[in-house]
Amino acid sequence: MTAMFVNLPVTDLERAKGFYTALGFTINPMFTDHNAACVVVEEDHSAFMLLTREYFQTFTDLPLGDPAVSPSVSTAIFLDSRQAVDATAAAGLAAGGTEPRPASDYGFMYQRGLTDPDGNVLEFGWMDPAAAAQGPDAVASQQA
């Protein structure tokens, strides 16, 4: 089985847990302590590991950047509908996130970007299943 864990540095673990649970994700208590929290995005497949900056630093000899100033990654999560994207974005905004740009609506694909309270970048999106099955070239030729 393949699983993906995205490690994110945070300055306030409790605040970060509150933000990510407000998005509808759950905390796996088996992998959560005072240094880190495992946020389940998709059971048995994908999760965020929210790591205090001090703990994150133990995994690298390189200096940690500040994602609020110099983002180096954007994690995209695609949902089942445009309405789910809007609901998730609204929940994130209410929980202290920010939306640096307006939503992007391409017809076949819809996206909203959020930053968590620490500046980590998240993208929530929806893609029409028929467009996804055809691939990007088929969609591009329809827009030409």
Side-chain angles (χ1 to χ4, degrees), residues 1-57 59-60 64-144:
M1 176 186 317
T2 301
M4 181 181 66
F5 291 81
V6 176
N7 297 318
L8 299 175
V10 300
T11 56
D12 182 330
L13 187 57
E14 292 304 314
R15 177 185 69 187
K17 287 166 47 178
F19 175 80
Y20 284 89
T21 56
L23 296 176
F25 303 135
T26 59
I27 303 293
N28 180 340
M30 291 181 58
F31 299 100
T32 298
D33 62 17
H34 65 284
N35 287 316
C38 179
V39 177
V40 178
V41 175
E42 184 179 8
E43 193 68 41
D44 298 325
H45 178 65
S46 55
F48 289 111
M49 287 300 298
L50 307 176
L51 308 173
T52 63
R53 290 184 63 81
E54 296 79 14
Y55 187 56
F56 195 112
Q57 187 66 71
F59 292 93
T60 180
L64 294 183
D66 181 351
V69 177
S70 299
S72 61
V73 66
S74 173
T75 304
I77 300 170
F78 274 66
L79 304 174
D80 294 332
S81 68
R82 292 171 59 104
Q83 294 79 11
V85 171
D86 287 336
T88 302
L93 292 169
T98 59
E99 188 171 21
R101 297 180 177 192
S104 298
D105 189 347
Y106 303 102
F108 70 97
M109 184 170 65
Y110 179 68
Q111 291 179 284
R112 289 185 67 177
L114 289 179
T115 55
D116 75 7
D118 287 288
N120 295 299
V121 180
L122 306 171
E123 295 282 338
F124 291 95
W126 167 85
M127 184 179 292
D128 180 296
Q134 292 176 2
D137 292 338
V139 173
S141 68
Q142 292 174 7
Q143 293 179 336

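Residue numbers count from 1 along this sequence.
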### Query
Measuring from Q57:CD to L51:CG, what's the distance to the nearest 0.5 Å?
11.5 Å
### Query
CZ of R112 to CG of D105: how many Å apart, nearest 0.5 Å?
11.5 Å
Give the minimum heavy-atom separation between [X] and [Y], together with the two atoms involved.
X: T115; Y: F19; answer: O-CZ, 4.3 Å
X: C38; Y: T32; answer: N-OG1, 3.1 Å
X: V40; Y: F25; answer: O-CB, 3.3 Å
X: A22; Y: A95; answer: CB-CB, 3.5 Å
X: M30; Y: N28; answer: N-OD1, 2.9 Å
X: L13; Y: L50; answer: CD1-O, 3.7 Å

### Task
Carefully, step by step, assess F59 and N7 under the rule side-chain contact (heavy atoms from CB on, under 4.5 Å).
CA-CA 10 Å; F59 292 93; N7 297 318; over 6 Å; no
### Task
Would you please name every residue forming a salt bridge (Lys or Arg N to Asp or Glu O under 4.0 Å) with R53, sequence neighbours left out?
none
### Query
Are any side-chain N or O atoms of D118 and backbone N or O atoms of N120, one a donor and one an acceptor, separated by less than 3.5 Å?
no
#### Entry: Main-chain N/O of G18 paired with T21 side-chain donor or acceptor, under 3.5 Å
yes
May I ask you to test the [X]-[Y] pair for a side-chain heavy-atom distance under 4.5 Å?
X: F78; Y: Q111; answer: yes
X: L114; Y: D116; answer: no
X: L122; Y: L23; answer: yes
X: M4; Y: T75; answer: no

### Query
Can you list the residues that meet the side chain to side chain contact (heavy atoms under 4.5 Å, CB included) rule with E42, with sequence neighbours excluded?
H45, S46
### Query
How are the rings of Y106 and F108 set relative to one another: parallel (under 30°), tilted (30 to 60°) or perpendicular (over 60°)?
tilted
### Summary
So ring pair (Phe, Tyr, Trp, His ring centres under 6.0 Å) across residues 109-128, not counting sequence neighbours, yields none
